[in-house]
Amino acid sequence: MSNFTAEDKAAITSLWAKVNVEDAGGETLGRLLVVYPWTQRFFDSFGSLSSPSAIMGNPKVKAHGAKVLTSLGEAIKNLDDLKGTFGQLSELHCDKLHVDPENFRLLGNVLVTVLAVHHGKEFTPEVQASWQKMVAGVASALGSRYH
Amino acid sequence: MSLTKTERTIIVSMWAKISTQADTIGTETLERLFLSYPQTKTYFPHFDLHPGSAQLRAHGSKVVAAVGDAAKSIDNIGAALSKLSELHAYILRVDPVNFKLLSHCLLVTLAARFPADFTAEAHAAWDKFLSVVSSVLTEKYR
């Protein structure tokens with residue numbers, strides 16, 4: 001899919017070094033569930049998702065968000081082989097979790113927005129472009145073993 | 001899909017803040033669009049798209065002004081954007097997929113400039129509002 005230039009990799013890794021994975025993870029997953037409420041369909045066991053504040057404060061949302069972003073962190077170390085890195089996770093999301101890959105695109109864009117909130121001016125159009133490549137690559141890799 | 005009262009309040013109050021930076025917000029949004037989604041440049045072969053170009057600034061202003069018109073007539077966006085809707089349907093014919101891309105870039109611009117205001121609730125309201133605007137602009141396509 002996407003070829004990451006040296007500039008892309010620099011933009012991605014340098015910003016990632018400043019990210020608090022736990023906080024950003026919880027915020028990203030939380031915002032996904034708030035902004036696109038139909039995504040709550042995967043999280044019946046998470047307890048109260050009844051309002052934006054309930055969602056953003058939900059400890060299961062925070063924990064799961066952290067898990068997801070930690071996995072993304074692994075991807076960042078392997079930008080040249082996202083398909084290889086996410087092969088097993090792709091099978092899991094298809095066969096066990098039954099997640100429509102469109103959700104990966106939604107989550108990716110929410111992450112980009114969260115990065116913008118936390119990094120403001122530093123999240124320049126150029127940096128954003130590198131991150132869009134990144135989240136598109138991850139979404140594609142996670143969907144690659146669907147059948 | 002219709003905006004709740006709370007959502008309208010969020011949009012209108014944030015718009016008051018945003019409108020002071022409208023021009024630069026428009027330019028930044030377009031810069032983000034063309035960098036992240038280069039295929040969108042195909043609609044502007046007649047433009048100088050270098051950052052800082054006068055055409056980019058002018059067009060960015062136009063786009064954000066239209067969003068502002070929608071916000072100011074938030075109870076009847078269809079009426080406020082009726083002419084723009086016809087323009088997009090009959091003249092511009094921008095493929096509908098691109099409205100999502102532009103909306104996302106506008107959201108990212110707002111998030112970067114107004115982090116304190118761009119709460120999860122505000123994020124949801126803006127995403128929905130821009131989705132309504134996009135629907136209005138494509139409703140006469142066929």
Side-chain angles (χ1 to χ4, degrees), chain A residues 2 5 7-8 11 15 23-24 26-40 49-58 61-62 65 102 105-137, chain B residues 1 3-4 6-7 10-11 14 21 24-41 49-53 56-57 60 97 99-132:
Chain A
S2 214
T5 64
E7 289 79 21
D8 289 328
L15 195 73
D23 290 346
E27 194 177 341
T28 300
L29 185 62
R31 281 178 183 256
L32 179 78
L33 299 173
V34 169
V35 179
Y36 309 107
W38 54 93
T39 59
Q40 293 170 23
L49 299 177
S50 56
S51 70
S53 50
I55 291 170
M56 300 309 285
N58 183 312
V61 170
K62 290 184 184 189
E102 179 59 24
R105 287 175 259 287
L106 288 180
L107 185 73
N109 279 340
V110 173
L111 173 61
V112 165
T113 312
V114 167
L115 292 175
V117 168
H118 288 290
H119 300 278
K121 270 201 149 109
E122 216 183 321
F123 200 67
T124 62
E126 289 78 7
V127 169
Q128 180 189 351
S130 298
W131 274 90
Q132 296 290 169
K133 257 181 164 176
M134 157 76 185
V135 298
Chain B
M1 187 171 37
L3 297 162
T4 64
T6 312
E7 286 161 351
I10 290 173
I11 302 298
M14 267 187 80
Q21 295 180 33
T24 49
I25 286 172
T27 313
E28 186 181 327
T29 297
L30 289 179
E31 277 175 12
R32 290 181 182 279
L33 181 73
F34 296 136
L35 273 174
S36 284
Y37 308 106
Q39 69 273 19
T40 57
K41 293 188 288 186
L49 293 179
H50 291 104
S53 96
L56 206 57
R57 266 184 288 125
V97 75
F99 293 99
K100 278 194 180 181
L101 304 181
L102 182 67
S103 298
H104 172 64
C105 289
L106 177 55
L107 284 189
V108 169
T109 303
L110 296 181
R113 288 178 179 233
F114 304 97
D117 300 279
F118 206 72
T119 61
E121 218 181 336
H123 182 169
W126 273 93
D127 195 286
K128 204 173 161 186
F129 169 62
L130 292 177
S131 180
V132 170

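Below, chains carry the letters A, B, ... as their sequence lines are ordered, and counting in each starts from 1.
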Please report the closest heavy-atom contact between A:Pro52 and B:Glu121, naming both atoms and the distance.
-> CG-CG, 3.9 Å
Relative to chain A, which segment of B:Thr109 carries a heavy atom at a distance below 4.5 Å: side chain, backbone, both, or neither?
-> neither
Based on non-hydrogen pairs under 4.5 Å, which of A:His118, A:Glu126, A:Glu27, A:Gln128 is most in contact with chain B?
-> A:Gln128
Taking the side chain as C-beta and beyond, is there a heavy-atom pair between A:Val34 and B:His123 under 4.5 Å?
-> no
Gap between atom CG of A:Asn109 and atom SG of B:Cys105 - 0.5 Å precision = 8.5 Å
Is it true that atom NZ of B:Lys128 has more than 12 heavy atoms of other residues, nucleotides or ligands lying nearer than 6.0 Å?
-> yes
Are any of the side-chain heavy atoms of A:Tyr36 and B:Asp127 separated by less than 4.5 Å?
-> yes
Looking at B:Ala124, B:Ala125, B:Pro115, B:Ala111, which one has more heavy-atom pairs under 4.5 Å with chain A than the rest?
-> B:Ala111
Is any side-chain heavy atom of A:Gln132 closer than 4.5 Å to a side-chain heavy atom of B:His104?
-> yes
State, with a plain yes or no, whether a side-chain heavy atom of B:Phe118 is found less than 4.5 Å away from one of A:Thr113.
-> yes
Check whether B:Tyr37 gets within reach of chain A through its side chain, its backbone, both or neither, counting any heavy atom under 4.5 Å.
-> side chain
Rounded to the nearest 0.5 Å, the CZ atom of A:Phe123 sits from the CZ atom of B:Arg32 at a distance of 6.5 Å
Options A:Leu33, A:Thr124, A:Val110, ranked by heavy-atom pairs under 4.5 Å with chain B, top entry = A:Thr124
Atom group of A:Pro125 that falls short of 4.5 Å from chain B, counting heavy atoms = both
Heavy atoms, side chains only, cut-off 4.5 Å: are B:Ser36 and A:Lys133 in contact?
-> no
